[in-house]
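What follows is a short report on a single structure.
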Amino acid sequence: MAKARKQKGDGGGAGGGATVLHQKLCVSIDVENQLIYGYTEIKVLLADNDTFALHADNMTIRSILVDGETAEFDYSPHWKNEGDQPNWSLISCLKTAADAACSTYTSALNREAVPNLIVSYERSVKSITEQQLEENSEKHEENSGRLEEHGLKPDQIVNGCNGSAMEEQKEKENGNGKGKENGIETETEKVKNIKLVHIDYILEKAETGIHFVGNVLYSSSQIRRAHCWFPCIDSTTQRCPFDLEFTVSMDLIAVSNGDLLYQVLSKEDPTKKTYVYKLNTPVSAHWISLVVGPLEVLPDSNDISVSHICLSPALSKLRNTITFFHDAYSCYEDYLATPFPLGLYKQIFLPPEMTVLPTSLGASTCIFSSDILHDEKVIDQIIGTRIKLAYALAKQWFGIYTSAEEPNDEWLLDGLAGFLTEIFIKLFLGNNEARYRRFKANITVCESDVSGATALSSPAASSDLYGTQTIGSYGKVRSLKAVAVLQMLEKQMGPDSFRKILQLIVTPNRASRTLSTKEFRHLANKVGNLERPFLKEFFPRWVESCGCPVMRLGISYSKKRNMIELAVSRGCTAKATPDSDSHTNGDTREGDAGWPGMMSVRVHETDGAYDHPVLPMAGEALQVVEIQCHSKLAAKRVWKSKKSTKFDGSDDNIDVSTQENRTSIDSPLQWIRVDPEMEYLAAIHFHQPVQMWINQLEKDKDVISQSQAISVLEKLPQLSSAVINALNNFLNDTKAFWRVRVEAAYALAVTASEATDLAGLLHLVKFYKSRRFDADIGMPRPNDFHDIPEYFVLEAIPHAVALVRSSDKNSPRGAIEFILQLLKYNDNNGNIYSDVYWLSAMVQAIGELELGQQGMGFLSSLLKRIDRLLQFDNFMPGYNGVLTVSCIRTLARIARRVSSSICLDRISELISPFRNMDKPWKVRIEASKVLIDLELHHKGLDAALLLFLKYVDEEKSLRGATKLAVHVLRLCQASTVPHFNDQISLTTLIGLLHLLAGAKAYNNVFLRHHVFCILQVAAGRSPTLFGVPKVVEPPLVVQDICSDHHTKADSSIPQPSRPQEPSTSTPSVREVLPTSGPTKDADNISNCSERRNVVKIRVKLTASSSKASDADHRVHSHGGRNENEAGPCSSMSVDAPMVEAATEPLNVSNHNIEEQNSCHDRESRMSASIGNAKLIDRHEISKELQCTADSRLDVLPKDQFSPAVNPLGVVDKPGSQLEVVSTSYDGNQAPESVNGVETKEKKKKDKKDKKRKRDEKRDKKDDPEYLEKKRLKKEKKKMEKESARKQLEGEGKATPEQQKIVKPSGLQEVLPARPPTAPVRSAEPAPSQSAEPAVVRSSEPQISSKEATVDTARTAAKPRIKIKVKPLIRKPEES
């Protein structure tokens, strides 16, 4: 059991040294005049100073009493300061506007976090009244029994409220002997520090925190807006119990937090009554909520402490919606083995125009938008509504009853609530639904987890963002990632251990009601039995940093060894952070560090499925893993014609597709899956033959496996009939999960093309007609939606058909006619279910059609049907205006696609009446969004933003303004224009900044955040506060620009190079090698951080090398690539170790030179001169070295020449083999591996292979077939040697001009006189050469193209590089 911890965070700062022990709120509410007046009493534990601070805003403070005596106070409301608009005269472009938005937003958030009600009082013992002494004594007697059971003293009663706020004082006094001897004095000192603060206030026409709409009042759980309707310490770290009393009219009901103790008539006004609530669980002021109105209360009929509340019009929908709720309630209580801890749970449903968010949480209460309610006729809303209600109930356990100790720990509570929700989904909506939703959520996280903004427990991404990390798309990604991380932990420790941890967290006798990441990690070790080394790697990698692993895999099956070779490339989704302190090299963020654990591979063979945990998540990024197959092939031969059989066993008559599918015929493999149980949050790109994907789709019953197979098959460049038939068969399989069947329908639509004779379209139409058409008359039958899964599949068919495109990128005529026929003959008579969503799907399918010239004849018929549905839905309103919303959206899409023949202004006039206030709220908002879209398409982004500002100013509902801002933000993100400097005018930017700093944005924190994000996206930045610079700094100075005296002192000393950007493209296996080109100013760059002497090798390519390969010309160096180099000349720098004495030799061995030169192109002849060499004997003549360079290197793009290579996508084709290479080495050490030179492990493996081959040869000595093959092989080698000898003899007859070696020009420098050198000998390279070291500088060699002409046809088979070493003399230093 975890001990009670001391309170951390901003308790002292937010409350000015005050800690809240208890708060009482008593207010009277006049809904008609929009007036709130009353008082609050706050019992606080004060520090030694005579002042403390509270939060209060948007109200008038009448008086403040401290222990019954009047106290002085200083009150400066935030909302009055919002009227002081900053000066925007310095705004000149998008960048300055975005900077101004950052400054305005962060300053407002900082200002709101600071308490603005400062209370001063005189310290005196007499201020402690008898009433307070009696109250303290009663409280002491009431809780003394419970506290003594835990071995605590009565003065520790505050521990349950704020996590041992008085524990520190108790420990100090326990160390004092007087405190133990005289308990009365200790208690008196405690009472002296506890003060009762009484605040009278009045609130008129509230606009934020609490809202009046008609005869309804409701509060919103906006960030730091609780103090806008009652004074408090508005901080998540300040928690205390609450007593709540609300006086309202007799015809109204007040619903608030905790248990309703009683309701009584008011003494002052008999026409009013008072509702008294008590909340014993300590919570922060943020979770206090209130709803007042003519509400209908519906107690739950399943004997659970739940009340369902709504307005009268929605009562029938409420009865139908909450029939399942007792299942979720009992599911959580059974799983956690604890009853609901917050007393009576109340969920209130209000009209969507009243709510700020779809869900506003409070302690034991939750306010929902009533648009999630549905009657028994609506099908599509059921699943979404149940999941939303279940998640809100889970948040009561994790988030309110158990709260985060610090802002960095909020991810943990959010993740636990999501985990508990998925338990409900699994039990009551099905395991397929739960796994499918988790699979899609993981895909979303991997696509979005690319920056530090999604790090869960990072201060820069949580506590430093003032709570805005939970708003917008980043907040959703963080929630999904938190659930995925907790599910990974559950997989590691087991479901029973994880369940026990959750039960310990919510147990009532737990010392503290807060939870931290550190404590949960401790529980994972003690209860979950996870080892400390694993947790030490797991939490920093998954919780404290960003990025998910990207695994790219390919297979190759060895029939002879019955072995699978799995090539693996591991990367990371996180982008580089060049400004990070720990990643200044610009590499992919911690991608090379890996992740803890092993990923498993499930191999489905003919004899069964076998799991192999063989994929390490750490270590080398490029690996080859071998997996032994258990099944063996039957003794079955495939007979082939002898005519077309080659020596290598291949067959000319077998096409490519048949050759690829032979893998499943010639091997026991059926299909292979990587991480089948989703034990890791990873993006997996796996390559296997097409037939294996088809087997996976047809035979695997897991919904994730089926979805993965469909996503791969629909993206194949060449589609066979087997693929289309497999998708069609899966679509027709009624036993398959309906969501995956819908994916198969869309895959058939994508694969339909002229190359396949539109087979996908034919299959879709045939499937629909077999279910819904009458075969006798060929017309659709009346609707019958009794089979719910089949209903969802058939509902998606029209939309899939609309996505089919012919060769001219237009919709086929058959697709248009099919959708028009369905819309024309739709008949819902006799169907007990509503067809509103059914019709909506058909209307949206019309919006996806590309009519073209041939389809324009159907335009009038389609518009007529849409107009008829609009009139019908206006005359008889359907469910939530869903049909009208679809019609408006479709009209706008048609108008944009045929804008050349239709006037957009006419369409705007047609849609504008739907913005009237008499229309449903959803219809009004959709009409506004559509008009903004049309404005963007017709007049550009600037006009769309101006229209957005107009609509936001006119919109009365807070949620409507937020929806418009979210829509405009998506438009900016989806725009193809990278920068909007030419599109957005200065007037529009100023208008957005005024909205950001205005009162409307202050009243709606979600609107304010999205307006800030709009300005950031328009400037090309991320829509988040993460990474926002506090001070605008100049760009970083390039690191390779050094001081002048370093450059002038010795040009041979390498300068540090600036790290290059990692590539976003997918490099091939060979592109992993870093290469570079030379510079004309001899600035050779080295990766070594030390000052080393450099051997510069200047290479001249002959004409044969330049003509040998135009595409494969690349030069290798580990410094960096110079893009300015032209011509065939190249230069390399080889780092040499630091020479301490002049007598140390320079070791130049054949091995090092061969390794260095092996990077050059195959079949190239080069000659090089060492210009800067340190020689032992300056009088010794230089020797000519000949070395062979033989390697195949592909051409790298310019952005690939970085020492750190992002290994994403190394395996691009099925069965591709991976070459493990080493890209960094020291100056005195040869490269460990170039082009697949083996490592130590590889050498061991080769030894085993050689031994195995020797054994095989020994066994085959008596085999005549083997002897015949061996004889043929010897003859073939003999013929090759003979042809090579003849070719060399022919080269010996070349002309003298062709045999000339190109000499570099311009090698002479202005140097002192040097001794004459001996002639250079052409001989075999010596083992080593020694010379006296001397540091010199040489100019860049000049190459003449005329001297470099060599006949490429007469080039030798083996390319050679001739290196001439010339003795150089150190230049004497000038005085």
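Values in this document were obtained by computation on a predicted structure and should not be read as measured data.
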Classify the ring geometry between H198 and Y39 as parallel (under 30°), tilted (30 to 60°) or perpendicular (over 60°).
-> parallel
Check the pair N408, S457 against side chain to side chain donor-acceptor pair (under 3.5 Å), reporting the backbone distance first and the verdict last.
-> CA-CA 5 Å; N408 291 349; S457 187; 5.1 Å; no
Quick one: closest heavy-atom pair of T421 and A394, and the distance?
-> OG1-CB, 3.8 Å
Looking only at side chains, do D234 and H55 share a donor and an acceptor under 3.5 Å apart?
-> no
Ignoring hydrogens and angles, tell me if any N or O in the side chain of R225 forms a donor-acceptor pair with the backbone of W229 under 3.5 Å.
-> no
Q23 side chain to T40 side chain, donor-acceptor N/O pair below 3.5 angstrom | yes
Mind running side-chain contact (heavy atoms from CB on, under 4.5 Å) on H308 and D300 for me, showing each step along the way?
-> CA-CA 7 Å; H308 313 281; D300 198 274; 2.8 Å; yes
N/O donor-acceptor pair under 3.5 Å between D67 side chain and L196 backbone = yes
Classify the angle between the aromatic ring planes of W397 and F340 as parallel (below 30°), tilted (30 to 60°) or perpendicular (above 60°).
-> perpendicular
Are any side-chain N or O atoms of K346 and backbone N or O atoms of I367, one a donor and one an acceptor, separated by less than 3.5 Å?
-> no
Does the D259 side chain pair with the main chain of L344, one donor and one acceptor, at a distance under 3.5 Å?
-> yes
Criterion side chain to side chain contact (heavy atoms under 4.5 Å, CB included) against F73, the qualifying member of I118, V197, I64 = I64
Donor-acceptor pair between D414 and S479 side chains, under 3.5 angstrom | yes
Aromatic plane relationship, F325 with Y345 - under 30° parallel, 30 to 60° tilted, over 60° perpendicular = parallel
Residues at least two apart in sequence or cross-chain that pass ring pair (Phe, Tyr, Trp, His ring centres under 6.0 Å) with Y391, listed by chain then number, are none
Within the side chain of E41, is there an N or O that forms a donor-acceptor pair under 3.5 Å with the backbone of H22?
-> no
Under 3.5 Å: donor-acceptor pair, side chain of N257, backbone of A363 = yes
Residues L416, L515; criterion side-chain contact (heavy atoms from CB on, under 4.5 Å); working and verdict | CA-CA 11 Å; L416 289 174; L515 181 65; 4.0 Å; yes
Distance-only, no hydrogens or angles: does the E245 side chain make a donor-acceptor pair with backbone N or O of S28 under 3.5 Å?
-> no
Is the number of heavy atoms from other residues, nucleotides or ligands under 6.0 Å of E72 CD greater than 12?
-> no
Would the number of heavy atoms belonging to other residues, nucleotides or ligands and lying under 6.0 Å from CD of E207 be above 12?
-> no
Donor-acceptor pair, side chain of N193 and main chain of L45, under 3.5 angstrom | no
Can you name the closest pair of heavy atoms from A482 and L456 and give their distance?
-> CA-CD1, 4.0 Å
Who passes ring pair (Phe, Tyr, Trp, His ring centres under 6.0 Å) against Y275, sequence neighbours left out?
-> none
Qualifying residues under side chain to side chain donor-acceptor pair (under 3.5 Å), relative to T247, sequence neighbours excluded = T274
